[in-house]
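Numbers here simply count residues along the sequence, with the first being 1. Quick note: numbers below take in every heavy atom, side chains included, and nothing from hydrogens, waters or symmetry partners.
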Amino acid sequence: GEVIDAIYTSGEKDANEFTNLGAVINEKTVEINLRAPTAKNVKLKLFNKDKSPASPSAVDMTEDGKTGIWHASLEKDTSGLFYQYQIVLL
């Protein structure tokens, strides 16, 4: 709770200033952001509309250690896919 929040929200340009969580569709990419400061590893699993695995079926997300926010950048043609997070906690 408070201790983790203090680590990731006490400075400038950290987690509490970040406003683009979830999926953000841009002109050329889809940016996915998740705040999970206690995660050890996060994968983004992708599915087609019929719930079958998409290609690629999973993408490793990268953590920003300053904010505790995990990020993946996808091609724009993935904007119609469904996604879920696979999270391994510390």
Side-chain angles (χ1 to χ4, degrees):
E2 290 181 29
V3 174
I4 290 174
D5 285 344
I7 293 170
Y8 294 99
T9 62
S10 60
E12 292 184 26
K13 296 184 180 177
D14 55 13
N16 61 328
E17 283 88 29
F18 195 88
T19 60
N20 291 328
L21 295 174
V24 177
I25 301 171
N26 296 311
E27 188 174 319
K28 295 182 180 181
T29 61
V30 178
E31 304 297 323
I32 309 287
N33 296 292
L34 169 72
R35 182 164 185 250
T38 60
K40 179 179 178 182
N41 183 291
V42 179
K43 287 185 186 275
L44 183 70
K45 297 177 75 176
L46 302 170
F47 300 91
N48 296 307
K49 290 181 181 180
D50 66 359
K51 299 182 183 175
S52 65
S55 180
S57 62
V59 175
D60 289 326
M61 297 185 78
T62 304
E63 182 186 20
D64 177 336
K66 182 178 178 182
T67 63
I69 293 173
W70 292 77
H71 174 79
S73 183
L74 307 171
E75 297 293 322
K76 173 85 180 223
D77 64 357
T78 60
S79 66
L81 299 178
F82 294 95
Y83 66 91
Q84 74 179 179
Y85 302 107
Q86 180 179 11
I87 302 170
V88 176
L89 298 176
L90 294 174

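- Contacts classified as salt bridge (Lys or Arg N to Asp or Glu O under 4.0 Å) and involving residues 36-57 (residues at least two apart or in different chains) are given here: K43-D60.
- Closest approach of A23 and V30 over heavy atoms only: CB-CG1, 4.4 Å.
- Taking every heavy atom of both residues into account, G68 and E63 meet most closely at CA-OE2, 3.9 Å.
- In this structure, N41 contributes its side chain and V88 its backbone to no donor-acceptor pair below 3.5 Å.
- To the nearest 0.5 angstrom, L21 atom CG is 11.0 Å from I32 atom CD1.
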Show the atom names and distances, to 0.1 Å, of all donor-acceptor pairs under 3.5 Å that link a side chain in residues 75-84 to residues at least two apart or in another chain.
unit_1: K76; atom_1: NZ; unit_2: N26; atom_2: O; d: 3.1
unit_1: T78; atom_1: OG1; unit_2: E75; atom_2: O; d: 2.6
unit_1: S79; atom_1: OG; unit_2: K76; atom_2: O; d: 3.3

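- Expressed to the nearest 0.5 Å, how far CE of M61 lies from CG of L34 amounts to 5.5 Å.
- Following chains of ILVMFWY side-chain contacts shorter than 4.5 Å, one can reach Y85 starting from I25, so the two form part of one hydrophobic cluster.
- One finds the CD1 atom of I69 at 13.0 Å from the OG1 atom of T62 (value rounded to the nearest 0.5 Å).
- If you take CG on N33 and OG on S73, they are separated by 9.5 Å, rounding to the nearest 0.5 Å.
- Of all heavy-atom pairs between R35 and T67, the closest is NE-O, 4.0 Å.
- Sorted pairs that involve residues 27-71 and meet ring-ring contact (aromatic ring centres under 6.0 Å, His included), not counting sequence neighbours, are lacking altogether.
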